[in-house]
Amino acid sequence: MSEMPKAYDPKAVETPIFAAWLAGGYFEQQPLPEGERPFTVAIPPPNVTGSLHMGHALNNTIQDVVVRRARMTGRPTRWVLGTDHAGIATQNKVEQLLASQGLRRQDIGREAFVEKCWEWRAEHGSTIIGQLKAMGCSCDYSNEWFTMDPSYQEAVRRVFVDWYDRGLIYRGKRIINWCPRCSTALSDIEVEHEDLDSHLWHFRYPLKDPVGARDHVVVATTRPETMLGDTCVAVHPDDERYRDIVGATVVLPLIGREIPIVADDYVDPTFGTGAVKVTPAHDQNDFEIAERHGCEKINILQADATISPAGGRYAGLSRYEARRKVVADMEAAELLLGIDDHVHAVGHCYRCHTVVEPWLSDQWFVDMKPLAVPAIDAVRDGRVVFHPKRWENVYFHWMEGIRDWCISRQLWWGHRIPVYYCDSCDAKPVASMDDLTECSQCGGSMRQDEDVLDTWFSSQLWPFATLGWPKHTPELDYFYPTSVLSTARDILFLWVARMIMSGIDFVDGKVPFDDVIIHPTVFNAEGKRMSKSLGTGIDPLDLMEHYGADGMRFGLMLQATGSQDIRFAEEKLGSSRNFANKIWNASRFVLMNLDEHFVPGEPEVTTVADAWILSRLADLASQVDEHITTYQFGEAARALYDFFWNEFCDWYIELSKGRLFAGARDDATEAEQGARLASQRNLVFVLDIALRLLHPMMPFVTEEIWCRLPLSEWRRASSLMVAAWPDPAELARFRDEAAERSVSKMLEIVVAVRTVRARYKIAPRQGISVVVRTQAETDVQLLDAEFTYLNALGGIDSFVAATDAVKPAHSVTVVAGGMEVYVPLEGLIDFEAERTRVAKELAAASSDLAKVARKLANEGFLAKAAPEVIEKERSKEAELADRVAVLRGQLDELEA
RNA sequence: GGGCGAUUAACUCAGCGGGAGAGUGCCUCCCUUACAAGGAGGAAGUCGGGGGUUCAAAUCCCUCAUCGCCCACCA
């Protein structure tokens, strides 16, 4: 067995271990003919343009934890891996690359551009995969998917054609969100709204012919430039102020177009002037008003958001120049009546943050309502469960108000829409699985739609397309539905909801996953979104460099509490890195104290400490198992940390030293040697189980150590990855409440004595004698039996314990474990300080006692509280009364 | 305009009906043969304000305040 260095060095350990896992084929899982339902996770495919950020680090740690636990339980397990072609993001990257060579994509043409995208992907696409490996993620690397793989393309096409043929996909001229920079349509949920300080401009629109005394109407707008496309003015039908001018004609200033005044329920009479200028080509509501009243729809913007020829002399100006000029011209014409400050929501492109324009254009849509209904049911009846549960309400709210999905994008990189048009005859457009060249009606040549599909259209098929769908593969049969989907909340609608809809629709009505984990969002220390461009991000790779992959993972798990977002500060990883080192050193201690011919064996309870630690271990196993399976990672991490550090290291290892060292002496008796062996076996056993429980969160350090543990043949495995997950039910045999109580009593005494030592600066090596008085004979027996521990941990040389023990002169009294402990301090006692301290303790104890007494005097409490609660209060009262009496006696004595 | 979340020790956060917890930081002591990335001890909180329910509230309900997020067609 090779020597373990004094400090854990993640760098030296992680790479070879990962290589060994990869070589060992532990990440792969083939479909089995029979047996238990497998555990499957489909990774949220990172964008090929992406590199690992903190959100990925958290999300993939979560997935790896559930996957590793499942694998250790023996369940066939597969974590499906792959990347997303990320239409806009990748196209942007490649366009930037071209721009650096002074080229636009139009210069090289569609085919060459798409070729460049593939090249880009080949070069950069696996960056993030390498980063997942560095984290230790146990994905199936042998089977990496890409959303543009040929079989995936077939899946996308199948879905399109199917929905098209069922009438769920249609083409229409609608108001969509247009990003002038990306030069493509976006779906509603790809637009981020941001409240901006702006203005409400009031314009006077003259009537063509005065109606009575009225010769104009005043409208208010947040977007003055859109007036170039106004085709009517709307007022509310019940609005008395305008009743007489409904039907009249307005002459649109600057343009001179004659437009009608219409009455429409949409108008809110209390807002602005109660009269709305209507620009049907640049506003969804205006579009609908125009539909209802048969008004013209004039598009005044071009694709790059400059004014179109329809804007007359404003043509060619940018939208913002046009705004300034329109306002200036209106003012010059004395038609600008006022400008109010006004905050309103402005939509921005979620990819490039350019202000988007509502724009009238021909696009493809999916009719979502029929798909949403079964997907709502699936969550409502619990076939899909969200964690935390409250996200279900967010899901319902969105799904119930779902609107049609604009799926066409004016990009080149992506799944091209498989619809073919005949230019020679009036044949209906055809959606086809095969490329069509010849019109079936007239034999003329066919032309494919120029647009590609929204990237999310392909992402929505991820859980089943990565298992071979639409082919009926053994993988699909075996691994679908997947078990858990873990993701950030910002893609709940973009991705999660759509996977549920398409999964149910295409895979025999089966939901794509049982559980959805919506994990916390990782913010920076200031509580702001991490952003690479703003330099407010933290790079997980740097963190792993400094704290090790395990340190980063465990630090994230400690903070993953489910409800609360994470304000991530790097300092927080320190304790996790230290924890890895603690595990390392505790293990090092155990291994250092094994004999060359150590024979592993079952744990042997020979002392109360053994019974105690095994009982605590059993408790730990059930907690960790429970918390991981209910996705309470923070709880699981804390339980592991507390057990390993505070119970196993601080106490059990310390308690073991006496037996270990005594049994190793040359003159050790046979009994001492036997005790040493028992201690060794217990240490190895506890360490073994603890490492297994820690492994999902800290895979590297646990694997490295575990492989060095000498274990019985049946406990061995070629890797901790596939070692058996501790079974809480099986470990329950170690539960021992009596031992837990006894040990806490002893530990209390040790702490009390240590406190006295610290207070009086008694050197650790200087022995100490104590006298203990207790009411219980069992306490005396316990202390007698476990004296070695008091000696080892409290430096107690000798003690007298009895029910009638007498307090020695010149001694300090502390109360611990329901016993009075007298520590003789001849000549050392600082009476003044002691008085202050005791008085303070007495005050606290008296106040506690009064509180308890009040409770016990309350008839309502006695009548209604649970019996065990009352019992607890009674014993608390007795304890406190005791304590108060002791402290009072002590104080009297000090004051005498 | 709706909805959600947060508010607990100096900081970051657990706890979510029955004795206020952790990590970091701070103070004191200790390089004791697993670990100074460590050990021992300690100080530190009217659990955002106000009501209510309950024998009992940090925990449940209402309300207010502050911060943050999401959804929404009010020009």
Side-chain angles (χ1 to χ4, degrees), chain A residues 4 6-8 175 189 193 200 219-223 226 234 266-268 270-279 283-289 342 344-345 358 388 390-391 393-394 397-398 401 489-490 492-493 521 523 525 527-529 547 551 555 558-559 561 563-569 571-572 574-593 634-635 638 641-642 646 649-650 653-654 657 661 750-751 754-759 761-765 793 795 848 851-852 855 858-866 868-870 872-873 876 879-880:
Chain A
M4 287 173 76
K6 202 169 159 182
Y8 174 56
I175 298 283
I189 46 179
H193 291 275
L200 198 55
V219 296
T221 180
T222 52
R223 290 157 69 214
T226 61
Y266 163 75
V267 179
D268 174 3
T270 64
F271 187 88
T273 63
V276 188
K277 59 183 272 312
V278 178
T279 318
D283 184 281
Q284 180 63 34
N285 297 310
D286 292 7
F287 179 85
E288 287 164 16
I289 292 173
H342 185 69
H344 76 136
R390 68 185 141 87
W391 290 105
N393 289 328
V394 179
H397 184 248
W398 188 72
R489 60 168 172 264
D490 51 359
L492 180 58
F493 307 143
T521 304
F523 295 106
K528 297 272 184 281
R529 191 165 287 279
Y547 303 98
L558 273 174
Q559 296 175 62
T561 56
S563 61
Q564 180 92 315
D565 286 331
I566 299 172
R567 279 187 183 212
F568 192 87
E571 307 87 80
K572 290 180 184 170
S575 57
S576 296
R577 189 254 324 248
N578 296 354
F579 185 45
N581 191 52
K582 191 73 179 177
I583 295 168
W584 180 261
N585 273 293
S587 308
R588 189 165 153 256
F589 171 83
V590 171
L591 291 169
M592 272 167 60
N593 284 286
E635 294 289 326
R638 255 181 297 282
Y641 187 95
D642 290 344
N646 303 129
C649 292
D650 288 351
I653 285 186
E654 294 306 322
K657 284 180 178 173
F661 298 160
V750 168
V751 169
R754 282 175 177 172
T755 307
V756 173
R757 279 180 174 285
R759 203 184 303 142
K761 313 239 186 299
I762 300 168
R765 264 171 260 97
L793 301 180
D848 286 352
K851 222 157 55 180
V852 175
K855 208 179 233 187
N858 181 337
E859 281 176 30
F861 175 72
L862 295 174
K864 296 189 177 170
E868 60 271 22
V869 173
I870 297 174
K872 210 171 150 194
E873 290 297 315
K876 201 201 302 185
E879 219 171 278
L880 282 166

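Chain naming here is simple, since letters A, B, ... match the order of the sequence lines and numbering starts at 1 in each.
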Suppose you measure atom [atom1] in [N] against the same atom in [M]; what distance do you get, rounded to whole Å?
| N | M | atom1 | value |
| --- | --- | --- | --- |
| B:U59 | B:A20 | P | 13 Å |
| B:C16 | B:C47 | C1' | 11 Å |
| B:A72 | B:G3 | P | 15 Å |
| B:C61 | B:A36 | P | 49 Å |
| B:A58 | B:U46 | P | 14 Å |
| B:G5 | B:U63 | P | 14 Å |
| B:G39 | B:G25 | P | 13 Å |
| B:A57 | B:A44 | C1' | 24 Å |

Any side-chain N or O of [X] under 4.0 Å from OP1/OP2 of [N]?
| X | N | answer |
| --- | --- | --- |
| A:R754 | B:G41 | yes |
| A:T561 | B:A14 | yes |
| A:Q564 | B:A14 | yes |
| A:T521 | B:C69 | no |
| A:N578 | B:G38 | yes |
| A:H342 | B:C74 | no |
| A:K6 | B:A36 | yes |

Within the structure shown, what part of the strands sits under 4.0 Å from [X] by heavy-atom distance: base, sugar-phosphate, or nothing?
| X | answer |
| --- | --- |
| A:E868 | nothing |
| A:R223 | nothing |
| A:E859 | nothing |

Judged by nearest nucleotide, the residue sitting upstream toward the 5' end of RNA chain B, A:D268 or A:F589, is A:F589
Between P on B:C70 and CH2 on A:W398, what's the gap in Å once rounded to a whole number? 16 Å
Between B:A37 atom P and A:W584 atom CH2, what is the distance in whole Å? 17 Å
Under a 3.5 Å threshold, yes or no: a donor from one side chain and an acceptor from the other, between A:N581 and A:Y8? no
For A:R390 and A:N393, does a side-chain donor sit closer than 3.5 Å to a side-chain acceptor? no
Nucleotide N/O of nucleotides 17-21 of chain B paired with protein N/O under 3.5 Å:
none

For nucleotides 27-30 of chain B, print each protein N/O atom paired with a nucleotide N/O atom at under 3.5 Å, atom names and distance only.
residue, atom, partner, partner atom, Å
B:U28, O2', A:K761, NZ, 3.4

Nucleotide of [options] approaching [X] most closely (side-chain heavy atoms):
| X | options | value |
| --- | --- | --- |
| A:K572 | B:A75, B:U12, B:A34 | B:U12 |
| A:H397 | B:A75, B:C71, B:C35 | B:C71 |
| A:C649 | B:C13, B:A37, B:A34 | B:A34 |
| A:R390 | B:G5, B:G42, B:C71 | B:G5 |
| A:T755 | B:G38, B:A75, B:G42 | B:G42 |
| A:N585 | B:A34, B:A75, B:A37 | B:A34 |

Heavy-atom count check: over 12 atoms from other residues, nucleotides or ligands less than 6.0 Å from A:H342 NE2? yes
For Watson-Crick and G-U wobble pairs within 3.5 Å on both distances, what is RNA chain B written in dot-bracket notation, | included for inter-strand pairing? (((((((..((((....[..)))).(((((.......))))).....(((((..]....))))))))))))....
Test item: A:Q284 and A:E288 side chains (from C-beta on) under 4.5 Å apart, heavy atoms: yes
Is there a side-chain contact between A:D565 and A:R489, using heavy atoms and a 4.5 Å cut-off? yes
Relative to the ring of A:Y641, is the ring of A:F579 parallel (under 30°), tilted (30 to 60°) or perpendicular (over 60°)? tilted
